[in-house]
Amino acid sequence: MIKHTDVLIIGGGVSGLASAWWLAQKGIRSTILEQSDRTGGLIDTTQQDGYVTDHAASMVLNFNTQVTQFISRSGLQDYRVNRNKISRRYVLKNNQLKQVPENIRGILYSDLFSLKTRLKLMSEPFRSHSMTDHETVAEFIRRRLGQEILDLAIDPYVSAVLACDPEKACARSTLPRLTSLERNFGSFTAGIIAKKLLPGKKGLPQEAFSFSGGMKTLTQTLSQNPLTDIHNGQKVLAVEPTKSGWRVTSKADNQEYQYLTKQLIFSTPANIAAALLQPVKSKLAELLNKIEYAPIAQIHMGFDKSGLNKSLDGNGFLIPSRENMDLRGSLWMSNLVKHRAPENKLLTSNFVGGGCQMDALKKSDAVLIDQTLSSLQKLTGIRQSPEMVRINRHQQGLPLYHGKYSDLTKAIQHRAHQSNGLHFVANYLHGISIRDRIIQAKSVSDQVYSTLRQHSHQSTTTVSINVQRVTP
Ligand SMILES: Cc1cc2nc3c(=O)[nH]c(=O)nc-3n(C[C@H](O)[C@H](O)[C@H](O)COP(=O)(O)OP(=O)(O)OC[C@H]3O[C@@H](n4cnc5c(N)ncnc54)[C@H](O)[C@@H]3O)c2cc1C
């Protein structure tokens with residue numbers, strides 16, 4: 001049987017679910033085909049023995065009003081749990097954890113950085129801006145702020161949080177806000193001041209939050225959208241363009257299904273989109289196949305606080321790649337968000353892998369756990385064994401924004417625009433974070449809406465779209 005739908009989305013992770021939610025706000029019904037028997041993709045949460053552990057994303061970092069609107073109108077506001085106001089975080093320098101200053105003034109007075117670096121920071125507004133198209137993160141930061149800021153501030157963020165290698169990562173794609181400050185205002189300092197002073201430039205103050213029950217609550221809530229037909233357990237096998245859109249073939253329980261859709265959104269990893277588009281859009285598939293992914297493992301460990309010889313009182317720490325350790329960083333989740341661990345217990349979520357350690361996941365669980373525990377013991381003084389250990393492996397954790405990444409993504413989008421009704425909402429375009437996923441989903445759903453509206457005006461035979469507003 002052939003089913004008809006205005007919009008079909010392949011992939012029920014947060015990118016696909018957010019796209020469907022924004023479409024529903026405009027009264028557009030959509031269909032999501034998700035191969036797994038649950039929605040959420042990378043995002044999931046396990047609750048066991050009072051510990052709440054996220055499999056991938058654990059926090060939303062937001063400064064965008066569209067995201068705020070999304071959270072409040074989707075019903076997620078009721079579940080929102082703000083990050084605790086602990087600001088202490090640490091970075092490893094010469095085998096010792098050092099507190100990271102919270103702001104520019106803190107950096108100027110901190111002994112984390114040498115006098116030379118602090119002077120270089122103060123002269124940042126006077127440095128000429130000469131960014132080349134393919135400057136790497138390391139080149140960009142060295143040029144503007146110096147090696148020490150790269151090593152101790154930017155490298156740990158880029159290599160541990162974004163999973164990229166700063167020496168290979170494209171500055172424009174990896175640090176879009178910083179590079180645009182230089183491009184638009186000549187320096188970071190001038191850009192930050194202008195954003196504070198100029199009317200209409202000031203964004204929201206940065207906020208960080210999770211949800212009660214963990215990040216799974218986000219994707220579960222979005223899955224309840226009444227204008228979205230979600231088909232779990234349906235793996236898409238083939239797509240092909242038709243005169244008025246796309247034909248999509250999927251399979252579930254040994255049965256094949258066919259869909260005809262006007263608008264097709266890919267919300268899968270790039271290599272999956274490439275394999276499906278190869279027979280019909282080989283040039284586009286070739287570009288998508290160039291996107292590589294970093295392997296990442298998250299190793300959660302729960303400890304009884306009474307046995308800790310010193311209190312671990314901050315948010316956690318990051319490790320610069322020059323320290324040459326297997327561990328990339330450790331978030332102390334029970335300090336960051338309430339109800340993540342039972343009373344008097346500490347939940348640490350530790351990361352290994354990323355673009356600087358592409359072989360990290362070749363090790364067995366036992367080896368990863370052993371090496372993580374010994375790093376934690378060495379750096380924090382924890383002596384005891386954890387009472388809870390859980391490991392989440394992601395062989396394709398995050399896309400690597402390496403090489404001429406901004407050219408690659410422009411080329412992908414250019415080819416997609418040339419293909420009737422074809423869109424990509426996925427974390428290899430416009431940012432990996434949940435905030436970026438929500439913002440990109442909004443932008444693509446606006447395009448889909450206006451195309452469908454144009455079509456419904458032009459054609460008298462097409463099914464008109466339902467324009468009633470829905471608040472799921
Ligand atoms: C360890 C880790 C920690 C992170 N921490 C944070 C954080 O704290 N904050 C933050 O903002 N972000 C974080 N992120 C990033 C964020 O979690 C991801 O970028 C985001 O979840 C990706 O969502 P997505 O929907 O684009 O892709 P995915 O979640 O990968 O979803 C793709 C979906 O497509 C489906 N699919 C694939 N092939 C097919 C097919 N043929 N047919 C049908 N369906 C198919 C898959 O089953 C999957 O459900 C983290 C990521 C990782 C790995």
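For ligands, and for the atoms within them, numbers begin at 1 and follow the listed sequence.
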Check whether Phe63 forms a cation-pi arrangement with Arg177 (NZ or CZ under 6.0 Å from the six-membered ring centre, at most 45° off the ring normal).
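Arg177 over Phe63 ring: yes.
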For atom CD of Glu292, is the number of surrounding heavy atoms from other residues, nucleotides or ligands below 6.0 Å larger than 12?
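Atom CD in Glu292 is not crowded, with 12 or fewer foreign heavy atoms closer than 6.0 Å.
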Would you find more than 12 non-hydrogen atoms of other residues, nucleotides or ligands less than 6.0 Å from His339 atom NE2?
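12 or below, so no.
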Ring geometry between Phe209 and Phe211 (parallel below 30°, tilted from 30 to 60°, perpendicular above 60°):
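Rings of Phe211 and Phe209: perpendicular, over 60°.
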Every pair of nitrogen or oxygen atoms between ligand 1 and the protein that is under 3.5 angstrom apart - can you list them with their distances to 0.1 Å?
unit_1, atom_1, unit_2, atom_2, d
ligand 1, 8 (O), Ser58, N, 3.1
ligand 1, 8 (O), Met59, N, 3.4
ligand 1, 9 (N), Met59, O, 2.8
ligand 1, 11 (O), Ile434, N, 2.8
ligand 1, 19 (O), Asn427, ND2, 2.9
ligand 1, 19 (O), Ile432, O, 2.6
ligand 1, 25 (O), Val14, N, 3.1
ligand 1, 25 (O), Ser15, N, 2.9
ligand 1, 25 (O), Ser15, OG, 3.3
ligand 1, 26 (O), Ser15, OG, 2.6
ligand 1, 29 (O), Leu42, N, 2.8
ligand 1, 41 (N), Val236, O, 3.3
ligand 1, 42 (N), Val236, N, 2.9
ligand 1, 44 (N), Gln35, N, 3.1
ligand 1, 47 (O), Glu34, OE2, 2.7
ligand 1, 47 (O), Gln35, NE2, 3.3
ligand 1, 49 (O), Glu34, OE1, 2.6
ligand 1, 49 (O), Glu34, OE2, 3.2

How would you list all residue pairs meeting salt bridge (Lys or Arg N to Asp or Glu O under 4.0 Å) that involve residues 41-53, not counting sequence neighbours?
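Matches after skipping sequence neighbours: Arg38-Asp44, Asp44-Lys216.
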Could you tell me if the side chain of Tyr257 sits less than 4.5 Å from the side chain of Met1, heavy atoms only?
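No, every pair of side-chain atoms sits at 4.5 Å or beyond.
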